[in-house]
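Read the structure below first, then the notes.
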Amino acid sequence: MNLETMTALELGAAIRKGEISAVEAAQFSLRQIETYDSRFSCFVTVQDDILQRAEEVQKRISVGEYTSPLAGVPMGIKDNMCQKGVQTSCGSRMLANFKPTYTATAVEEIMQAGAVPLGKLNMDEFAMGSTSETSWFGATKNPWNAECVPGGSSGGSAAAVAAGECFYALGSDTGGSIRQPASFCGVTGIKPTYGSVSRFGLVAYASSLDQIGPLARDAADCAAVLGEIMKRDVKDNTSVATQGVNLDAVLHYDVKGKKIGIPTDFFGDGLDKDVAATVQTAARQLERMGATVEQFDMPIVKYAIPAYYIIAAAEASSNLSRYDGIKYGYRPEHVDDLLDLYTRSRSEGFGMEVKRRIMLGCFVLSSGYYDAYYRKALQAKALIKAAFDRAFERYDLILGPVAPTTALKIGENLADPLKMYLGDIYTVMINLAGLPAASVPCGFDRKGMPVGMQLIGSYFHETDILGAAHAYQQVTDWHKRRPAGLDNL
Amino acid sequence: MYHTPAWETVMGLEVHVELSTKTKIFCGCTTAFGGEPNTHCCPICIGMPGVLPSLNKAVVEYATKAGLALNCEITRYNKFDRKNYFYPDLPKAYQISQLYLPICRNGGVEIEAEGGGRKVIGIHEIHMEEDAGKLVHDPATNATMVDYNRCGVPLIEIVSEPDFRSANEVIRYLEKLKAILQYIGVSDCKMQEGSLRADINLSVRPAGSEAFGTRTEMKNMNSFKAIGRAIAGESARQIHLLEHGGAVTQETRRWDDDKNESFAMRSKEDAQDYKYFPEPDLIPIEISEEVIEQTRRSLPELPEAKRRRYVSELGLSEYDAEQITASKVLVALFEQNLAAGCPAKELANWIMGEVMHLLSESGKEPEDIPFDYGSLGALIGMVEKNEITRSTAKKVFKAVFEENCDPVEYVEQHNLKTVTDTGAVKTVIEEVIAANQKSVEEYKSGKEKALQYLIGQSMRALRGKADPQTVTAILKELLG
């Protein structure tokens with residue numbers, strides 16, 4: 001049994017069959033963390049009760065209480081999801097001392113399925129960033145090349161799966177924060193339809209765009225995780241009842257006869273040649289498997305970045321106002337008065353990128369500018385949604401790159417935020433439209449860094465996305481490749 | 001008068017009313033007033049990271065009811081918005097409120113106008129929102145602490161048109177508003193507990209002028225009397241400014257009732273930009289025609305309709321009808337006894353007389369009526385049947401009011417029934433005549449006063465239990 005190459009579903013099956021215990025699986029993951037985490041810095045917190053939890057889970061599996069295909073499988077949680085009694089920092093000094101008294105619904109659901117959480121995974125501060133460098137706890141590194149970023153903001157989640165420190169992870173995606181790091185780290189990740197996974201207990205960045213989803217070794221694992229967490233939650237007013245994901249349908253999905261559209265606008269200026277070629281090769285592969293692939297125009301795409309950064313920053317400026325030094329979180333030792341308490345708590349507690357977005361958000365919402373920016377952005381959002389609605393009248397899936405480049409060197413983007421924002425060009429419009437989309441490993445660039453293709457589906461068509469991805473992964477092995485050097489450390 | 005007739009005061013009101021739903025607007029915590037600080041809270045109402053609001057549907061129902069009772073149009077497609085500002089009593093640093101699509105618009109309330117007649121005060125809009133917590137200053141440690149119990153208690157804000165011209169109109173409107181909201185059971189409207197709070201926008205202008213003057217907004221009045229004083233004070237302040245070549249600054253002012261003057265809090269220039277935007281955590285709420293009609297049908301008879309009916313059908317005076325219908329409790333007291341067969345006018349006289357008298361004497365509000373409502377009717381019934389005299393009834397009512405005793409039992413126990421046996425009355429009066437020969441002589445020599453004295457002595461000897469008319473008749477007969 002080679003745990004290093006096993007998927008979560010394979011490990012779950014082995015545990016159910018008694019070939020390995022949940023405790024042994026947890027011990028394996030702990031060893032992996034011990035071996036690799038000092039190199040990649042994926043975890044902010046490693047829980048101290050992992051083996052007790054694994055024992056408990058094993059007992060419940062043995063008595064037939066936990067029957068999920070994922071029961072007993074060690075996993076990680078992005079550090080913006082609340083877990084009772086466990087530090088939930090959001091990668092920020094502001095919440096470095098924060099332990100919630102409640103648990104996020106998605107975390108609760110996955111625990112109900114018998115998950116063994118290993119700890120909390122690093123991220124860009126408050127999920128703002130595309131590199132996982134803005135964390136108060138330091139940058140996470142890409143297991144494929146430790147000089148490169150893992151992407152972000154769920155960089156810790158993607159890197160931990162790629163490095164084999166956990167079998168799958170929960171991430172969150174506001175403008176590409178699951179898909180882009182999945183692409184950079186060569187793992188499979190999906191952002192489901194907005195409203196299909198409860199946001200209760202997910203520390204908000206941009207409420208109308210945030211969505212929790214899995215990062216895993218393949219599409220089948222993602223489907224299994226979604227199967228557990230896609231549930232209507234009365235604690236989240238925006239959550240909706242869905243049919244969930246049918247794992248069986250994903251495993252037996254046939255792309256034959258499916259229509260796949262490729263927006264020509266996804267292949268314009270700024271797209272790295274290797275990435276373009278790799279994604280086009282993947283499209284031809286899907287064609288060979290029986291899908292029809294066709295190009296179409298989607299000019300509205302050019303409004304996605306400004307619309308996204310206006311809406312996300314506006315909501316963020318409001319969502320992050322509660323961190324004021326009064327009730328919890330960072331507060332300086334001595335303050336003169338209330339204004340000083342507010343000013344210094346926020347100036348010292350937040351990092352640069354967070355402050356930049358708060359200021360941008362306050363600006364676009366302020367009186368006199370609201371109509372020019374925020375209202376316009378909402379109109380653009382509606383147009384983008386309408387354009388996708390029209391596209392899905394013709395296509396079952398839309399295919400394109402996840403990001404214009406592969407993983408960049410650490411520090412390369414930090415100095416130029418605009419350049420970093422432009423890297424979100426292919427992902428943010430999916431959040432604006434509220435659609436589900438996955439990143440699926442489809443090759444490597446000439447430097448040996450992973451490339452992901454983005455598969456976008458219509459609302460609640462996660463089964464189609466993951467089904468097509470699974471079919472693709474049956475005939476390719478990109479998702480099975482492992483970073484060189486992991487084994488001979 | 002609080003200003004010279006050369007000036008006219010123009011006012012509009014913003015009234016915040018706490019709705020009496022069992023639980024808060026976005027979580028399951030109780031809305032009960034009081035409680036140890038920070039015991040009526042949960043992660044949701046204190047805005048911890050990652051929590052989300054879940055709308056309490058009863059709040060929408062209550063707000064719809066209030067809107068219909070105040071003759072408003074109900075918005076079919078509702079949204080919530082965020083009002084962003086920093087203050088320690090606001091744990092999320094934004095208040096979930098309604099700016100763009102308030103639940104009610106274009107309503108009105110009829111009141112008695114200053115100088116007679118009736119007028120309608122327009123209601124511009126009503127919106128739903130959440131209340132904030134409270135800052136508590138501890139003088140011992142010189143620390144400011146926060147009590148979040150009130151965070152998330154549902155509020156409606158009722159914004160009137162600038163239709164008020166006097167303090168009396170403002171107070172009548174508030175009394176009517178309070179009565180209506182209490183009738184339909186959406187709020188207890190207790191000013192002392194802050195469940196009804198009014199901010200007053202006030203400006204003055206030369207009488208006859210059409211243009212509005214510059215207005216100020218006044219906060220922090222916690223009784224109708226304080227509102228009266230604040231209006232008088234602010235009108236006088238503005239008139240004095242204008243008459244002495246000054247100008248009114250648009251600003252928010254805080255009324256200090258102890259000092260009987262207002263203080264500037266913040267001017268328009270440093271007014272906050274609340275950066276309103278649609279609340280992304282709550283989906284829009286649609287209110288169907290059906291629900292609106294159902295709610296409309298479920299409304300009880302409202303004060304205005306009752307007032308008219310009391311006058312036209314029951315023959316009450318305009319004044320009595322207005323006063324009784326101004327209080328849900330007085331209406332209940334009135335209607336319960338009316339239904340038990342009490343004559344309407346007699347009942348109204350008792351309520352307006354003895355009940356109001358004892359309430360004001362003991363510093364109580366109608367809400368605090370301490371006796372079983374039926375006791376008043378039972379008492380009036382005894383008077384109607386001549387079982388007790390009117391003066392006995394007043395004494396008995398005092399006991400009923402103070403001890404909530406049963407009036408019939410009380411009359412029995414204290415042997416207060418009217419003596420109906422004229423023979424017995426006659427015997428007592430004969431004794432009085434025998435003991436007061438001097439007065440008898442005086443009466444016979446034509447002094448009417450002496451008769452009054454003898455009546456008084458007889459009533460005293462009878463311990464008030466005889467009808468004075470009977471006593472007078474028997475006296476006259478015996479004195480020949």
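Chain A is the first sequence line, chain B the second, and so forth, proteins listed ahead of strands; every chain is numbered from 1.
Only the side chain of Arg375(A) comes within contact range of chain B, with at least one heavy atom under 4.5 Å from a heavy atom of that chain. The part of Leu202(A) that comes within reach of chain B is its backbone (N, CA, C, O), which places non-hydrogen atoms under 4.5 angstrom from that chain. The part of Ile44(B) that comes within reach of chain A is its side chain, from C-beta onward, which places non-hydrogen atoms under 4.5 angstrom from that chain. Contacts of Tyr102(A) with chain B are made by side-chain atoms alone, with heavy-atom separations under 4.5 Å and no backbone atom involved. Proximity to chain B is absent for every atom of Leu320(A), based on heavy atoms less than 4.5 angstrom apart. Residue Val364(A): no heavy atom, backbone or side chain, is found under 4.5 Å from chain B. Interface residue Thr101(A): only side-chain heavy atoms are found under 4.5 Å from chain B. Contact annotation for Cys362(A): both backbone and side-chain heavy atoms come within less than 4.5 Å of a heavy atom of chain B.
Rounded to the nearest 0.5 Å, atoms CG (Asn237(A)) and CG (Asp281(B)) are 8.5 Å apart. The distance from the CZ atom of Arg82(B) to the CD atom of Glu315(A) is 7.0 Å, given to the nearest 0.5 Å. Distance check, rounded to the nearest 0.5 Å: CZ of Phe277(B) to OH of Tyr370(A) gives 8.5 Å. To the nearest 0.5 Å, atom OG of residue Ser366(A) and atom OH of residue Tyr274(B) are 15.0 Å apart. Here the straight-line distance linking atom SG of Cys82(A) with atom CE of Met48(B) works out to 8.5 Å at 0.5 Å rounding.
Counted within 6.0 Å of CZ on Phe363(A), heavy atoms from surrounding residues, nucleotides or ligands total more than 12; the atom is thus considered enclosed. For CZ of Arg215(B), the number of neighbouring non-hydrogen atoms (other residues, nucleotides, ligands) closer than 6.0 Å is 12 at most. Shown here is Met145(B), whose CE atom has more than 12 heavy atoms of other residues, nucleotides or ligands within 6.0 Å. Other residues, nucleotides and ligands contribute more than 12 heavy atoms inside 6.0 Å of the NZ atom of Lys231(A). The number of heavy atoms from other shown groups lying within 6.0 Å of CZ (Phe460(A)) is above 12. Other residues, nucleotides and ligands contribute more than 12 heavy atoms inside 6.0 Å of the NE2 atom of His137(B).
Two residues are said to be in side-chain contact when any heavy atoms from C-beta on lie closer than 4.5 Å; Tyr276(B) and Ser367(A) fail this criterion. A 4.5 Å side-chain heavy-atom check between Arg346(A) and Phe86(B) finds at least one atom pair inside the cut-off. Lys327(A) is listed as a side-chain neighbour of Pro91(B), based on a closest heavy-atom distance under 4.5 Å. With contacts defined as side-chain heavy-atom distances shorter than 4.5 Å, the pair Tyr342(A)/Pro88(B) qualifies. Side chains of Ser54(B) and Val234(A) form no contact here, defined as non-hydrogen atoms less than 4.5 Å apart. Here the side chains of Leu52(B) and Lys235(A) are not in contact, with every heavy-atom distance at 4.5 Å or above. Counting heavy atoms from C-beta on, the side chains of Pro49(B) and Tyr328(A) come closer than 4.5 Å. At a threshold of 4.5 Å between non-hydrogen side-chain atoms, the residues Asp273(B) and Tyr369(A) do not count as touching.
The choice from Ile326(A), Asp324(A), Asn319(A) that makes the most heavy-atom pairs within less than 4.5 Å of chain B is Asn319(A).
For the residue pair Asn84(B) and Ser318(A), a side-chain donor N or O sits within less than 3.5 Å of a side-chain acceptor on the partner.
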